[in-house]
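Below: the structure, in structure tokens.
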Amino acid sequence: MEKTYYNPSDLRKFKNITEWSEELGEKFFEYYGKVFEEGALSAREKSLIALAVSHVVQCPYCIDAYTQDGLQRGINREEMMEAVHVGAAIQSGATLVHGVQMMNKYNKLSM
């Protein structure tokens, strides 16, 4: 197996974060569980959103988890890739729109 900074087996250890902060860890997992329950959005839709966000925040553990979850929920590769592109477009737009701040500052300082 190729060595990487991220160890895929660490994903299975995620639940262990409660060991060093039981109360906060348990509250997190309670919240996390509630977020992914069926609601106005289906569990399938939430999984697809989670996959896109996983790419934006560049979490390899989340990408692995929500690729697998998405497959189990019937999300196909075209839907997954389209979601990744949506995330990329939003991230790119957020970066570029901050260019207005730079332009404003430049114009103010160069007067």
Side-chain angles (χ1 to χ4, degrees):
M1 178 174 174
E2 182 179 327
K3 280 191 163 204
T4 66
Y5 182 78
Y6 295 100
N7 185 345
S9 67
D10 282 346
L11 180 57
R12 291 188 299 275
K13 299 175 187 174
F14 185 31
K15 66 185 182 297
N16 298 346
I17 64 165
T18 59
E19 290 176 6
W20 289 13
S21 181
E22 186 174 352
E23 180 183 2
L24 292 176
E26 288 177 4
K27 287 184 184 297
F28 168 77
F29 284 119
E30 180 182 345
Y31 168 74
Y32 193 89
K34 282 287 190 194
V35 165
F36 283 94
E37 288 179 359
E38 292 276 339
L41 296 172
S42 69
R44 184 183 190 282
E45 291 167 320
K46 290 179 180 188
S47 182
L48 197 53
I49 292 168
L51 181 62
V53 172
S54 298
H55 282 79
V56 172
V57 300
Q58 300 177 343
C59 176
Y61 301 112
C62 301
I63 292 168
D64 285 357
Y66 285 100
T67 299
Q68 181 175 345
D69 187 70
L71 280 167
Q72 291 169 347
R73 295 183 188 283
I75 299 171
N76 65 40
R77 67 186 193 171
E78 290 83 8
E79 292 170 309
M80 288 183 185
M81 187 55 74
E82 189 168 328
V84 170
H85 278 282
V86 169
I90 295 299
Q91 183 65 47
S92 297
T95 300
L96 291 170
V97 76
H98 280 83
V100 174
Q101 181 178 349
M102 173 204 56
M103 293 163 67
N104 291 339
K105 188 68 169 182
Y106 179 89
N107 289 337
K108 181 178 177 183
L109 293 174
S110 64
M111 294 179 116

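What you see below is based on every heavy atom in this structure, not just the backbone, and it leaves out hydrogens, waters and symmetry mates.
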Residue pair Gly70 / Ser47: nearest heavy atoms and the distance that separates them: N-OG, 3.5 Å
Quick check on the hydrophobic clustering: are Leu48 and Leu71 connected, directly or via other members, by side-chain heavy-atom contacts under 4.5 Å? yes
Around atom CD of Gln58, are there more than 12 heavy atoms of other residues, nucleotides or ligands at under 6.0 Å? no
Counting C-beta onward and ignoring hydrogens, is there a side-chain heavy-atom pair between Met80 and Val84 closer than 4.5 Å? no
Drop me the distance from Ile90's CD1 to Thr95's OG1, to the nearest 0.5 angstrom. 11.0 Å
Verify, without hydrogens or angle tests, whether Ser21 (side chain) and Ile17 (backbone) share a donor-acceptor contact under 3.5 angstrom. no
Any side-chain to backbone donor/acceptor pair from Thr67 onto Ile63? Under 3.5 Å, distance only. yes
When you compare the side chain of Leu41 with that of Ile49, does any pair of heavy atoms fall below 4.5 Å? yes
What closest approach, in Å, do Asn7 and Tyr61 show between heavy atoms, and which atom pair accounts for it? O-CE2, 3.3 Å
Once you measure the plane-to-plane angle for Tyr32 and Tyr66, does it fall in the parallel (<30°), tilted (30-60°) or perpendicular (>60°) bin? tilted
Surrounding CD of Glu78 (heavy atoms of other residues, nucleotides or ligands, distance under 6.0 Å), is the total greater than 12? yes
Could you tell me which non-hydrogen atom of Val35 sits nearest to which non-hydrogen atom of Lys46, and how far apart they are? O-NZ, 2.6 Å
Decide if atom CD of Glu37 counts as having more than 12 heavy atoms of other residues, nucleotides or ligands within a radius under 6.0 Å. yes
Rounded to the nearest 0.5 Å, how far does CG of Asp64 lie from OH of Tyr6? 11.5 Å
Within this structure, what is the CG-CD distance for the pair Leu96 and Gln91, rounded to the nearest 0.5 Å? 10.0 Å
Salt bridge or not between Glu79 and Arg44? Use side-chain N to carboxylate O under 4.0 Å. yes
Who pairs with Lys13 by side-chain hydrogen bond (donor to acceptor under 3.5 Å, both in side chains), at least two apart in sequence or on another chain? Asp10
How long is the gap from CG on Leu51 to CE on Met81, to the nearest 0.5 Å? 9.0 Å
Run through the side-chain heavy atoms of Ile, Leu, Val, Met, Phe, Trp and Tyr, join any pair under 4.5 Å, and report what else lands in Met103's cluster. Met102
Quick check on Gln72: does its CD atom have over 12 non-hydrogen neighbours (other residues, nucleotides or ligands) under 6.0 Å away? yes
Would you say the side-chain atoms of Glu45 pair up with the backbone N or O of Ser42, donor to acceptor, closer than 3.5 Å? yes
Mind checking whether Phe14 and Phe36 sit in one hydrophobic cluster, side chains of I, L, V, M, F, W, Y counted as touching below 4.5 Å? yes
Closest approach of Lys15 to Arg12 (non-hydrogen atoms, all atoms of both residues): NZ-O, 3.1 Å
Testing the basics here: between Ala88 and Val56, what is the closest heavy-atom pair and its distance to 0.1 Å? N-CG2, 4.4 Å
If you group Ile, Leu, Val, Met, Phe, Trp and Tyr by side-chain heavy-atom gaps below 4.5 Å, do Phe29 and Tyr31 land in one group? yes
Residues Glu38 and Ala43: closest non-hydrogen pair is OE2-N, 3.1 Å
